There are 2 protein chains.
Amino acid sequence: MHLDSKKIFYHDATPLLIAVDCIIFGFHDGELKLLLFKRKIEPFKDKWSIIGSFIKKEESVKSAASRVLKKHAGLQNIFMEPLGCFGDVERDPGARVISQAFFALIRIGQDEIKTVNTHQAKWFDLDLIPELILDHNQMVNEALEKLRRKTRYSPLGFELLPKKFTIPQLQKLYEEIYQKKLDARNFRKKILAMNIMIKLDEKDKTSSKKGAFLYSFNQKKYEKMMDKGINFLL
Amino acid sequence: MHLDSKKIFYHDATPLLIAVDCIIFGFHDGELKLLLFKRKIEPFKDKWSIIGSFIKKEESVKSAASRVLKKHAGLQNIFMEPLGCFGDVERDPGARVISQAFFALIRIGQDEIKTVNTHQAKWFDLDLIPELILDHNQMVNEALEKLRRKTRYSPLGFELLPKKFTIPQLQKLYEEIYQKKLDARNFRKKILAMNIMIKLDEKDKTSSKKGAFLYSFNQKKYEKMMDKGINFLL
DNA sequence: TCAAAAGTGTTCAAGTTACACCCATGT
DNA sequence: ACATGGGTGTAACTTGAACACTTTTGA
């Protein structure tokens, strides 16, 4: 490396504040939900917002997002991917801040319900999302669009369900995402034809007397299917 | 606004260098091409790279990308959209720099050919892309994936063709993007069925004696089609 | 007159949609 | 015994894929 030249190249650039913000979706009791946080500090104290943090010099953008999810929401090893960059000059009246938004999907279990209380957070129904600070409503809208688009052609939906789930649960999830009723026979046929789930010897009886068989998603079978050039498509 | 509180909230954040980088695709003589630039300054002087610049405090991320396209490549009013954020700590050995990549499509005409010379740039065939600086090869690969994905379900391809184009030209473009031969009858049938192009009373005779009718893309018809819930799909 | 690209329909297979009844079980 | 959600097959329709010949015209 030519250290001197490097300085010549970089010296007139202005460093800026850059943050990550995480849009977190969950699915519980047949409802698709968004996790929002009550801001603890000024400005906008006590307003609802998605969770975020400034990026530190010694961490990657992605690790910043992981840190936020872990530290501020108690979430670890969950599905997460970049959504987009929000970079208008005036988006944050407090300072020039560029934000990289991330999009996370979680299985809502007992732990995640506790999380909500210890972090001043709340799960919101998608049609009851309050006004959020800055451009956070726009971020949420874009995240929702991405969720709707991407769940059609990749098995993202499984990230929102427990490891063991029933076909009616899976169908309900898709109905929530697409906001429309699906035909039970066709749905079943299609998803089973892909051969990416393992039928377990257990039934879930929480929502019917007969009980519905539990399945688990099989990542390996999914990858095999992809290798053969067959695509997930719902 | 509570100016004091704002300061409390933002004072411990570290500003970082943030750049935009633009991946520029073009189509000429039946070939899909990538525009690369010979870097004028150290470090990595004279290596091939995609074009970029640091973001200034008084411009949005998007305007930074527009500025780069205009100033460094002489391009204006072209299709451009965000590709993704590249934020590894060590991606640039010169400093911690986060980069927001953009993806641009242009019609290669006479002006664009001049541009190439005045800006030390060169159009590269996609299978002859040289080694680029930093993570630029990765950016290009992701841009290509996006191009392939997105041209299937949105009429992005038209951005790469002249305003007036023939159906064989359009087909050639898609064959280049997907790297496979398409059936001329089926292609024609499908694209015409969408009813989003206007047939002109002119023929292009540059590639055959018989000549092929020229068409133009009709944005309004396309929007009408979308409104009706019919999607572009090739 | 011939070479070279433009333009045109039909058939078959595959996939998608619509639709109605029996099953298992807890109360 | 009955109410509730789980589970199953078939027929009509739509869409995608395969395939070969005629037309035009400049050289």
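Just so it is clear, the structure is predicted and the values come from calculations on it, not from any experiment. The chains referred to below are lettered A, B, ... by the order of the sequence lines, with proteins before strands, and numbering in each begins at 1.
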Asks: What distance separates A/L234 CG from A/N186 CG, expressed to the nearest 0.5 Å?
Replies: 11.5 Å

Asks: Which listed nucleotide (D/dT25, D/dG6, C/dA6) is nearest to the side chain of A/A212?
Replies: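 From the listed options, D/dG6 comes nearest.
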
Asks: Any donor-acceptor pair under 3.5 Å linking the side-chain atoms of B/S60 with those of B/S63?
Replies: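 Yes, B/S60 and B/S63 have a side-chain donor paired with an acceptor closer than 3.5 Å.
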
Asks: Side chain of B/K203, base of D/dT25: donor and acceptor closer than 3.5 Å?
Replies: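 Check fails, no donor-acceptor contact within cut-off.
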
Asks: Quick one: on DNA chain D, does A/K199 or A/S207 contact a more 5' nucleotide (nearest heavy atom)?
Replies: A/S207

Asks: How long is the line joining CZ of A/F187 and C1' of C/dT16, in whole Å?
Replies: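 Taking atom C1' of C/dT16 as the reference, CZ of A/F187 is at 15 Å.
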
Asks: Atom NZ of A/K180 and atom P of C/dT16: how far apart are they, to the nearest Å?
Replies: 13 Å

Asks: Out of D/dG9, D/dG6, C/dA5, which nucleotide sits closest to the side chain of A/N186?
Replies: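 Nearest to the side-chain atoms of A/N186, counting from C-beta on, is D/dG9.
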
Asks: Is there a donor and acceptor pair closer than 3.5 Å between the side chain of A/K210 and the base of C/dA24?
Replies: no

Asks: Counting the benzene-type ring for Trp, do A/F158 and A/F165 have ring centres under 6.0 Å apart?
Replies: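 That pair passes the under 6.0 Å test.
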
Asks: Looking at every strand, decide which applies to A/K205 at a 4.0 Å heavy-atom threshold: base, sugar-phosphate, or nothing.
Replies: sugar-phosphate

Asks: The side chain of A/K189 is closest to which nucleotide in this list: D/dG26, D/dG9, C/dA5?
Replies: D/dG9

Asks: Rounded to whole Å, how long is the line connecting atom NZ of B/K172 with atom P of C/dA6?
Replies: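 Interatomic distance, NZ of B/K172 to P of C/dA6: 11 Å.
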
Asks: What integer distance in Å separates A/D204:CG from D/dG7:P?
Replies: 10 Å

Asks: Taking atom C1' of D/dT8 as reference, at what distance in whole Å does atom CD1 of A/I167 sit?
Replies: 12 Å

Asks: Considering only D/dT4, C/dT16, D/dG26, which nucleotide approaches the side chain of A/K209 most closely?
Replies: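 So the side chain of A/K209 is nearest to D/dT4.
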
Asks: If the threshold is 4.0 Å, N to carboxylate O, is there a salt bridge linking B/K47 and B/E131?
Replies: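 Answer for the salt bridge query: no.
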
Asks: Taking CD1 from A/I191 and C1' from D/dT8, how many angstroms apart are they, rounded to a whole number?
Replies: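 Result: 17 Å.
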
Asks: Measure the distance from CZ on A/R188 to P on C/dA20 and round it to the nearest whole Å.
Replies: 18 Å

Asks: Between atom CG in B/L233 and atom C1' in D/dT15, what is the gap in whole Å?
Replies: 11 Å

Asks: Rounded to the nearest 0.5 Å, what separation is found between the CH2 atom of A/W48 and the CZ atom of A/F37?
Replies: 9.5 Å

Asks: Can you find a side chain N or O atom of B/R185 that sits less than 4.0 Å from OP1 or OP2 on C/dG7?
Replies: no

